[in-house]
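Inspection log for the structure reproduced underneath, given as structure tokens.
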Number of protein chains: 2
Amino acid sequence: MVKRMLNHQPSLDRVFHALADPTRRAIVERLALGQAPVSELAKPLTMSLAAVVQHIQILEQSGLVVTHKAGRVRTCRIEPRTLQAVETWIAQRRGLWERRLDRLGELLAEPAPATEAAKDTP
Amino acid sequence: MVKRMLNHQPSLDRVFHALADPTRRAIVERLALGQAPVSELAKPLTMSLAAVVQHIQILEQSGLVVTHKAGRVRTCRIEPRTLQAVETWIAQRRGLWERRLDRLGELLAEPAPATEAAKDTP
DNA sequence: CCGACACTCAAGTAAATTCTTGACTGTTCT
DNA sequence: AGAACAGTCAAGAATTTACTTGAGTGTCGG
């Protein structure tokens, strides 16, 4: 039986999926200001507590949020390394594309419409 | 009935959702190397062409990809500004959290760091 | 001890997502 | 002109998601 797997290498699938929901982003934004218990995260949200808990579980499975239960209170906080992993993935793709633009090969390869080539566009 | 709430930026919903699918990320990774027509994007993928087109539509609606049809060929390319917008959102949240941690350490160490007048007037 | 509190679990539902197939449109090649 | 190519459109099936309600568990304050 799997009781608790501490083995959560953040898959991009899960992380992006977690961030795709506005409620979960609102939770992340709140947690960016500091850790908070579940019931406080639920306060501004117009849904049942159980629903909020489900969102938090998704955030936790994605590795974006870490929680710790003390007594009857579960405290949530952000895991910045997961956030950083996403940031890095995006930055790398954007960097690739922009370095590609420096080469200028492909854009100039598109066929010009047969009339005379006017290079200057005023 | 659709119960939605708390809409910050509707585009973030779509962008994160678009990136949450491995097929769509594979398309983005391919496009990071340079623009490509739909059928070339479909080549390595093990699904019908229609399915790939649907993925591309989602990427386009999210603003991550821009397409242009010439003759019978639709060419796709990355829109780096959308990628950058996501990067910025994440970096801001991570920055908030980390600054928060710094503050906490300082506040526990010293009573009050005097708020100096910043002279940023460029 | 008792009740309020802070979740927790399970089951069910409406809507969204992902992918398929089959028919169809518009282009290019020969 | 006809065949092949590149994509488009629509309808439908299997699965997943985002909630709900109702009942239960463990913890703290008085």
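In this text the structure is predicted, and so the values were computed from the model without any measurement.
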Calculate the interatomic distance between [X] atom [atom1] and [N] atom [atom2]; express it in whole Å.
X: A/Asp13; N: D/dT16; atom1: CG; atom2: P; result: 13 Å
X: B/Met47; N: C/dT21; atom1: CE; atom2: P; result: 13 Å
X: B/Gln57; N: C/dT18; atom1: CD; atom2: C1'; result: 13 Å
X: B/Arg14; N: C/dA16; atom1: CZ; atom2: C1'; result: 14 Å
X: B/Ile56; N: C/dT17; atom1: CD1; atom2: C1'; result: 17 Å
X: B/Lys43; N: D/dG7; atom1: NZ; atom2: P; result: 10 Å
X: B/His68; N: D/dG7; atom1: NE2; atom2: C1'; result: 15 Å

Worksheet item: Do the side-chain N or O atoms of A/Ser39 get closer than 4.0 angstrom to the phosphate oxygens (OP1, OP2) of C/dC7?
Response: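 So the side chain of A/Ser39 is within the cut-off, an N or O lying under 4.0 Å from OP1 or OP2 of C/dC7.
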
Discussion item. Please determine whether a side-chain nitrogen or oxygen atom of A/Lys69 lies at a distance below 4.0 Å from atom OP1 or OP2 of C/dT8.
Written reply: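 So the side chain of A/Lys69 is within the cut-off, an N or O lying under 4.0 Å from OP1 or OP2 of C/dT8.
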
Item to complete: Under the side chain to side chain contact (heavy atoms under 4.5 Å, CB included) rule, collect the residues that match up with B/Glu87, sequence neighbours excluded.
Response: A/Glu87, A/Ile90, A/Ala91, A/Arg94

Fill in: Near-strand residues of residues 25-32 of chain B, defined as heavy-atom separation under 4.0 angstrom from DNA chain D
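Of all residues in residues 25-32 of chain B, none places a heavy atom under 4.0 Å from DNA chain D.
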
Practice prompt. Output every pair passing ring-ring contact (aromatic ring centres under 6.0 Å, His included) with a member in residues 70-94 of chain B, not counting sequence neighbours, ordered by first then second residue.
Written response: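 Of all non-adjacent pairs touching residues 70-94 of chain B, those that pass ring-ring contact (aromatic ring centres under 6.0 Å, His included) are B/Phe16-B/Trp89.
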
Discussion item. Restricting to salt bridge (Lys or Arg N to Asp or Glu O under 4.0 Å), what partner residues turn up for B/Arg25, sequence neighbours left out?
Written reply: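 A/Asp13.
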
Practice prompt. Can you sort out the partners of A/Arg24 under salt bridge (Lys or Arg N to Asp or Glu O under 4.0 Å), two or more places apart, ordered by chain and number?
Written response: none

Worksheet, complete the sentence: The correct list of stems in which DNA chain C takes part (3 or more consecutive Watson-Crick or G-U pairs, distances under 3.5 Å) is C:1-30 with D:1-30

Discussion item. I'd like to compare against my own output: the B/S/- annotation of nucleotides 21-30 of chain D with a strict under-4.0 Å heavy-atom distance to protein.
Written reply: B----BBS--

Residues which pass side chain to side chain donor-acceptor pair (under 3.5 Å) with [X], listed by chain and number, not counting sequence neighbours:
X: A/Arg81; result: A/Glu79
X: A/Gln92; result: none
X: A/His17; result: none

Worksheet item: Between B/Ile56 and B/Cys76, is a side-chain contact (heavy atoms from CB on, under 4.5 Å) present by the stated rule, with each step listed?
Response: CA-CA 8 Å; B/Ile56 291 173; B/Cys76 308; 4.1 Å; yes

Discussion item. Please classify the nucleic acid contact of B/Leu45 as base, sugar-phosphate, or nothing, using heavy-atom distances under 4.0 Å.
Written reply: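 Result for B/Leu45 = nothing.
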
Worksheet item: Base, sugar-phosphate, or nothing: which does B/Ile58 touch, judged by heavy atoms less than 4.0 Å apart?
Response: sugar-phosphate

Name every donor-acceptor pair, under 3.5 Å, that has one atom in a side chain of residues 37-53 of chain B and the other anywhere in the protein, sequence neighbours excluded.
residue : atom : partner : partner atom : Å
B/Glu40 : OE2  : B/Arg30 : NE           : 3.4
B/Glu40 : OE2  : B/Arg30 : NH2          : 2.6
B/Ser48 : OG   : B/Ala51 : N            : 3.2

Response to the item:
So the side-chain hydrogen bond (donor to acceptor under 3.5 Å, both in side chains) pairs with at least one residue in residues 58-67 of chain B (sequence neighbours excluded) are B/Glu60-B/Thr67, B/Thr67-B/Arg74

Discussion item. Quick one, A/Leu83 and A/Ile78 - any side-chain contact, counting heavy atoms below 4.5 Å?
Written reply: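 A/Leu83 reaches A/Ile78 side chain to side chain.
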
Item to complete: Please determine, for the side chain of B/His17, which listed nucleotide (C/dT8, C/dT18, D/dG7) has the closest atom?
Response: C/dT18

Worksheet item: From the list D/dG7, D/dC9, C/dT18, which nucleotide is the closest neighbour of the side chain of B/His55?
Response: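 Among D/dG7, D/dC9, C/dT18, the one nearest the side chain of B/His55 is C/dT18.
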
Worksheet item: side-chain contact (heavy atoms from CB on, under 4.5 Å) between B/Arg77 and B/Val65: does it pass, once the steps are laid out?
Response: CA-CA 6 Å; B/Arg77 66 173 176 81; B/Val65 162; over 6 Å; no

